[in-house]
Amino acid sequence: MAAQKPSVPKGTRDFSPVEMVKRNFIFDTIKDVFKRYGYLPIETPSMENLSTLMGKYGEEGDKLLFKILNSGDYLSKVKSNLTEVESSKLSLEISEKGLRYDLTVPFARFVVQHLNDITFPFKRYQIQPVWRADRPQKGRYREFYQCDVDVIGSNSLLNEVELVQIIDQIFQKLNVNSVIKINNRKILLGIAETIGEPDKFIDITVAIDKLDKIGLEKVNEELLSKGISKTAIEKLKPIFDLSGSNFDKLKSLKEIVKDSETGLKGVEEVETILDYFEILPLNIELELDLTLARGLNYYTGAIFEVKAKDVEIGSVCGGGRYDDLTGVFGLKDVSGVGISFGADRIYDVMEQLNIFPKEIVASTKVMFVNFGKNEEKYCLPLLQKLRDNGINSEIFPESAKMKKQMTYANNKNIPFVILVGANEMDKGVLTVKDMISGDQSEMKFKELLQKLS
RNA sequence: GUGGUUGUAGCUCAGUUGGUUAGAGUGCUUGAUUGUGGUUCAAGAAGUCGCCGGUUCGAACCCGGUCUCCCACCCCA
């Protein structure tokens, strides 16, 4: 049999031990902060029924769902004429499951399905991979991890405030220089109403979302092509010109959307949230950005996005409030708010800036060199004691050449190597070599324990 | 989904207008050094030139297709 070239599917990756240590550093940091704020973990299956997923992410999102072919003779149940049917229709007949696209929709499903076991407000976190049939590029993968925190069953803006604090904490701990952008869908809706194009709300948000990327002129072109009137576009202009502090912007906004009840409500919400941070100082900048829109169309209130400074990559965290995500699953009037950290992008940012703490890569603290069977037996109980004292340690599994054993320790960044041969066994001491300085000295086991703890 | 780009040793990359046996650095193995790694020196192993087909006496090189990587758009973490 011809050897087949090993490979993984497009947009997926293997992770080496070094990469995993770094990834886990991110996951652990995020998880710790989530827990600190009283969130508990859940997990949901990798695959969901297509009926759960379809239609939740807009037309674009539906196309990006990975669908799973039904088992067995899946073609036998197809009712359509195979030579005529469109592939989009056929896919629904031969596939009834799909890989999850995000963690928010499965969470909404979870809440409704387990209503009896849940007390509201329900605070959960969830760190799992999601899949999107997107074409890969910088910072974009087909399989990637999201780290979600959501509260469901509480309208209080205190939840939004808490999420901002969580973002602040996490990026501070990871030492990633970033800026939190906040906006509110109600403000955007209010603006659409004010300029007399409430039906074009989605087109307007999508277009102005691109403002900082393609510029005012191109945005206006796009708006025009979507059928938005010239006078409406003209009215939009002062909104983009807003400047000054967050509170300055809010003041001007109030004037602009004064005839829209929804718009005013949105302004008030943002104001309330920002007010809290007068007494709760943040490490990271929090900026009201009216061009922030977010594509996912289930958001209804506050929306958030975090961008890393110093690195050209999409957002590293995003989220917002959704008033009726559980509605489609039969639970009305339950509002939730949540955010999602993109662990893979955070990794890319940290890797590019080279800001992973050096010490996380060195996992093993101590290695015993293996000189043979007798020495092994002498070392194993000592090794056990080190481990009982919480010191990561190992013994080289065979009595290979010293050079090989030392190279192994060196490549694994093990800071201490212990040599116990006939000499040491006679004297009842250990030769401890510091791999960084190159110094070595004899000491008793007790002294070693002290040195390491 | 649209457009562009890339693929040669484990890794990073050379490879002339198509012409004998495809190279370098690094890593790996071995030795100099039988109880000492990270420096040095010497030797060695390692490649279906992404894959399939075509043109040619002859293809890593030219042509077609396909896969992959990366980039932009779309969209998003």
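Lettering of chains follows the sequences in order, A, B, ..., and the numbering in each one begins at 1.
Among the nucleotides B/rU36, B/rG1, B/rG35, the one closest to any side-chain atom of A/Gln440 is B/rU36. Out of B/rG37, B/rA77, B/rU36, the shortest distance to the side chain of A/Thr431 is found at B/rU36. Of all nucleotides listed (B/rC73, B/rG37, B/rG35), B/rG35 comes nearest to the side chain of A/Asn423. When distances are taken from the side chain of A/Lys138 to each of B/rU36, B/rC76, B/rC71, the shortest belongs to B/rC71. Here B/rG37 is the nucleotide among B/rG37, B/rA77, B/rG35 with the atom lying nearest to any side-chain atom of A/Met435.
The separation between A/Asp348 atom CG and B/rC70 atom C1' is 13 Å, rounded to whole Å. Distance CG (A/Asn411) to P (B/rU36): 18 Å, rounded to an integer number of Å. Straight-line distance from the CG atom of A/Leu103 to the C1' atom of B/rC76: 14 Å, rounded to whole Å. When the C1' atom of B/rU36 is taken as reference, atom CG of A/Leu430 falls 16 Å away, rounded to whole Å. B/rG38 atom C1' lies 14 Å from atom CE of A/Met402, rounded to whole Å. In this structure, A/Arg140 atom CZ and B/rA72 atom C1' are separated by 10 Å, rounded to whole Å. Following rounding to the nearest Å, A/Lys427 (NZ) and B/rG35 (P) show an atom-to-atom distance of 17 Å.
Residues A/Met47 and A/Arg100 are not in side-chain contact: their nearest non-hydrogen atoms beyond the backbone lie 4.5 Å or more apart.
Contacts of A/Glu424 with the nucleic acid, taken as non-hydrogen atoms under 4.0 Å apart, include base atoms. At the heavy-atom level, A/Glu60 lies under 4.0 Å from the strands shown only through sugar-phosphate atoms. As judged by a 4.0 angstrom heavy-atom cut-off over every strand, A/Gly421 is placed among the base-contacting residues. Nucleic acid contact for A/Ala308: none, since no nucleic acid atom lies under 4.0 Å from a heavy atom of the residue. Among the heavy atoms of the strands, none lies under 4.0 Å from A/Gly58. Backbone-only engagement by A/Lys210 is indicated by non-hydrogen atom pairs under 4.0 Å involving sugar-phosphate atoms exclusively. No engagement by A/Ile313 is indicated, since no non-hydrogen atom pair under 4.0 Å with the nucleic acid exists. Residue contacts shown for A/Gly11 are limited to sugar-phosphate atoms, with no base heavy atom under 4.0 Å away. Within 4.0 Å (heavy atoms only), A/Cys147 reaches no atom of the nucleic acid at all. No engagement by A/Phe341 is indicated, since no non-hydrogen atom pair under 4.0 Å with the nucleic acid exists.
Ring geometry, A/Tyr299 versus A/Tyr322: the interplanar angle falls from 30° to 60°, so the pair is classed tilted. Aromatic ring orientation, A/His114 versus A/Phe110: tilted (interplanar angle from 30° to 60°). Classified by interplanar angle (parallel below 30°, tilted 30° to 60°, perpendicular above 60°), the ring pair A/Tyr347/A/Phe356 is tilted.
Donor-acceptor pairing under 3.5 Å is recorded for the side chains of A/Ser16 and A/Glu19.
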Watson-Crick or G-U pairs under 3.5 Å in RNA chain B, rendered as dot-bracket with [ ] for crossing pairs and | for another strand: ((((..(..((((.....[...)))).(((((.......))))).....(((((..]....))))))..))))....
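Below the 3.5 angstrom threshold, one finds no donor paired with an acceptor across the side chain of A/Gln405 and the base of B/rG35. Looking at A/Arg345, its side chain comes within 3.5 Å of the base of B/rC76 through a donor and an acceptor atom. The base of B/rG37 lies outside donor-acceptor range of the side chain of A/Lys404, with no N or O pair under 3.5 Å. At a cut-off of 3.5 angstrom, counting only N and O atoms as typed in the model, there is a donor on one side and an acceptor on the other between the side-chain of A/Asn410 and the base of B/rG37.
OP1 or OP2 of B/rU68 sits under 4.0 Å from a side-chain N or O of A/Lys10. Side-chain N/O atoms of A/Lys401 include none lying less than 4.0 angstrom from OP1 or OP2 on B/rU33. When the side-chain nitrogen and oxygen atoms of A/Gln137 are compared with OP1 and OP2 of B/rA72, one or more of them lie within a distance under 4.0 Å.
Checked against the 6.0 Å centroid threshold, A/Phe341 and A/Phe171 count as a close aromatic pair.
Within 6.0 Å of NZ in A/Lys365 there are 12 or fewer heavy atoms belonging to other residues, nucleotides or ligands.
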Full working for side-chain hydrogen bond (donor to acceptor under 3.5 Å, both in side chains) between A/Arg124 and A/Gln126: CA-CA 7 Å; A/Arg124 75 87 230 228; A/Gln126 189 172 357; 2.2 Å; yes
Assess whether side-chain hydrogen bond (donor to acceptor under 3.5 Å, both in side chains) is satisfied between A/Asp148 and A/Ser340, documenting all intermediate values. CA-CA 4 Å; A/Asp148 275 35; A/Ser340 177; 2.7 Å; yes
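Between A/Lys63 and A/Leu419, the residue anchored nearer the 5' end of RNA chain B, judged by the nucleotide with its closest heavy atom, is A/Lys63. Between A/Gly61 and A/Pro136, the residue anchored nearer the 5' end of RNA chain B, judged by the nucleotide with its closest heavy atom, is A/Pro136.
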